[in-house]
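Numbering of residues begins at 1 and proceeds along the displayed sequence. Only this structure's heavy atoms are used, side chains among them; waters, hydrogens and symmetry mates stay out. Note that the coordinates shown come from a computational prediction; the quantities given were computed from them, not determined experimentally.
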Amino acid sequence: VLHGPGEQDTGMPQLHVSMSVAEELLGLEAGGLDELRASIESTQAPNSGLVGRAALLDVEADYVESAQTANVVGVLQGSDPALAREYVIIGAHLDHAGSQGEGNFFPGANDNASGSAALIALAQAMGRSEAPPRRSVAFVLFTAEESGLHGAKAFVEFESIPLSQSVAMINMDSVGYGEKLQMGGGESAPELWKLARAIDAGAEQITIEKTWWGGGADAQPFFDAGLPTIYFATKDSYAHLHQPGDTPDTLNGETLAAITRHAYRLVTA
C-alpha cells in the first residue's frame with residue numbers, strides 16, 4: 001500500500017525500517033544516511049559501495065491485489081433555488097497504511113485522520129447553521145488514496161456529483177501538524193486561492209503565501225477534469241509521513257481548529 005498503484009512484485013521482499021536500522025545495515029554512523037542522501041541529491045549520481053553487512057529475513061505475507069471499499073458522501077442542499085443545483089466539493093481521504101507486519105502499525109493521525117476530522121466538523125457546523133450556503137456542498141471522505149487515489153478517481157469517473165455543475169473542489173490532507181496552512185493550487189486556480197487568502201487575512205492569518213500549480217493527491221482527478229482546486233496541508237506537515245510516529249500526540253489542536261474554521265469561511269464564501 002505504501003508503493004502506490006500497480007501490481008506489486010511478490011518475489012521481492014520489501015522492508016520498512018527505521019533510520020537507525022538502515023544506518024546499521026549500511027554501516028553508517030548516526031546521521032550518516034542524511035549525509036549520504038544529501039551527497040546523492042547534490043551530485044545527482046550514485047554513491048555505491050559494499051557495506052559488509054548481511055541480514056536474514058523471514059517473510060510471511062499474503063498479497064491481496066484488490067478489495068472492496070467505498071467513499072462516504074454527504075450533501076448539504078443549497079438554500080438559493082437558482083444556485084442549489086451547483087456544488088462546492090470538499091474532501092479528505094479516510095484511509096492510511098494500516099498495519100503492515102506484526103507490531104508495525106501506522107496510525108495516520110495527521111495523514112489523514114486530521115483532514116477527516118476537520119471535514120466531519122465542517123459538515124456538522126454547516127448543517128447546524130441558521131444561514132445555510134446558497135450552493136449545495138458535497139462532503140466527501142475518499143477511500144484508497146494511499147494506494148493510488150482510487151476513491152477520488154472513481155468519484156470523478158462516475159460523476160457521483162456532476163462536475164459540470166460544480167464550481168470548486170477543496171482537499172484537506174494532513175492539516176493537524178505544525179502551525180501554518182499551505183494552500184496548493186494557487187497558480188492554477190488564482191481566483192479561488194486569492195479569495196482564500198483574502199478571507200484569512202481578515203481572520204486568523206493561518207495561511208502562508210507559498211503555493212503550487214495543479215491539484216495533488218485527491219484533488220488531482222478533479223484538477224485533471226478542469227475543476228478549480230485548492231489543497232489544504234500544513235507547512236512541514238510530512239515530518240511523520242507514513243511513519244509509526246504519526247500519532248495523535250504530535251498534532252496541534254489549535255492549528256487543526258483554525259484550519260477548519262478557515263475552510264468553513266471559504267466554503268461559505
Side-chain angles (χ1 to χ4, degrees), residues 72-80 83 86-94 108-142 166-186 189-212 215-219 222 228-239 246 248-269:
V72 181
V73 184
V75 175
L76 178 63
Q77 293 295 330
S79 60
D80 187 329
L83 294 175
E86 298 181 3
Y87 294 86
V88 175
I89 302 170
I90 181 163
H93 73 87
L94 52 77
N110 189 44
D111 180 23
N112 185 36
S114 65
S116 298
L119 184 75
I120 292 170
L122 180 64
Q124 290 174 331
M126 297 195 78
R128 289 193 301 259
S129 174
E130 295 181 358
R134 297 172 66 194
R135 288 186 172 93
S136 296
V137 182
F139 305 92
V140 189
L141 288 169
F142 296 110
S166 302
V167 297
M169 190 275 177
I170 302 166
N171 186 48
M172 305 184 75
D173 193 343
S174 301
V175 292
Y177 178 87
E179 298 180 352
K180 289 291 185 178
L181 172 64
Q182 182 174 354
M183 299 185 298
E191 292 184 12
L192 181 59
W193 185 84
K194 288 176 182 177
L195 174 63
R197 284 280 285 167
I199 290 170
D200 181 53
E204 299 179 71
Q205 300 177 10
I206 190 73
T207 66
I208 63 173
E209 187 172 0
K210 187 177 180 181
T211 185
W212 64 80
D218 284 320
F222 295 88
T229 63
I230 288 288
Y231 185 156
F232 279 21
T234 49
K235 182 179 180 293
D236 303 321
S237 62
Y238 302 133
D246 188 4
D249 59 286
T250 66
L251 302 185
N252 186 331
E254 293 182 1
T255 297
L256 181 56
I259 290 173
T260 306
R261 290 190 293 266
H262 178 52
Y264 182 100
R265 298 184 188 104
L266 178 58
V267 173
T268 301

Practice task
Give me the ring orientation class for Y231 and W212: parallel if the planes are under 30° apart, tilted from 30 to 60°, perpendicular past 60°.
Solution key: perpendicular
Fill in the blank from the handout: When every non-hydrogen atom of A92 is compared with those of S116, the smallest separation belongs to CB-N, 3.8 Å
Problem - Worked verdict on D246 versus Y177 for side-chain contact (heavy atoms from CB on, under 4.5 Å) - result: CA-CA 9 Å; D246 188 4; Y177 178 87; over 6 Å; no
Handout entry: Check: T207 side chain, R197 main-chain N or O, donor-acceptor pair, under 3.5 Å
Key = no
Fill in the blank from the handout: Interatomic distance, CE@M172 vs OG1@T234, rounded to 0.5 Å, equals 10.5 Å
Practice task
Would you kindly say whether N171 and H93 are connected by a side-chain donor-acceptor distance under 3.5 Å?
Solution key: no
Exercise for the section: Could you tell me which non-hydrogen atom of Q205 sits nearest to which non-hydrogen atom of A201, and how far apart they are? Expected result: NE2-O, 3.4 Å
Practice task
Determine, step by step, whether E254 and E179 satisfy the side-chain contact (heavy atoms from CB on, under 4.5 Å) criterion, reporting the C-alpha distance in whole Å, the side-chain angles of both residues, the deciding distance to 0.1 Å, and the verdict.
Solution key: CA-CA 8 Å; E254 293 182 1; E179 298 180 352; over 6 Å; no
Practice task
State which residue, out of T260, V72, I90, fulfils the side-chain contact (heavy atoms from CB on, under 4.5 Å) condition with L119.
Solution key: I90
Problem - Backbone of A233 reached by a side-chain donor or acceptor of D173 within 3.5 Å - result: no
Completion exercise
Nearest heavy-atom contact between L122 and Y264 is CD1-CA, 3.3 Å
Handout entry: Minimum heavy-atom distance V175-N110, with the two atoms named
Key = N-OD1, 3.4 Å
Problem - Minimal non-hydrogen separation, I208 against K180, with atom names - result: CG2-CB, 3.7 Å
Practice task
For the pair M169 and Y87, evaluate side-chain contact (heavy atoms from CB on, under 4.5 Å) and give the outcome as yes or no after the intermediate values.
Solution key: CA-CA 9 Å; M169 190 275 177; Y87 294 86; over 6 Å; no
Practice task
Give a yes or no on whether the backbone of L83 and the side-chain of R134 come within a donor-acceptor separation of less than 3.5 Å.
Solution key: no
Handout entry: Spatial distance of atom CD (E86) from atom CG (D80) [nearest 0.5 Å]
Key = 9.0 Å
Handout entry: N/O donor-acceptor pair under 3.5 Å between T268 side chain and P133 backbone
Key = no
Exercise for the section: Heavy atoms only: give me the nearest F222-T229 pair and the separation to one decimal. Expected result: CB-CG2, 3.9 Å
Exercise for the section: Could you tell me the separation between the CG atom of L192 and the CG atom of L266, rounded to the nearest 0.5 Å? Expected result: 6.0 Å
Exercise for the section: Enter the distance from L251:CG to S174:OG here, rounded to the nearest 0.5 Å. Expected result: 10.0 Å
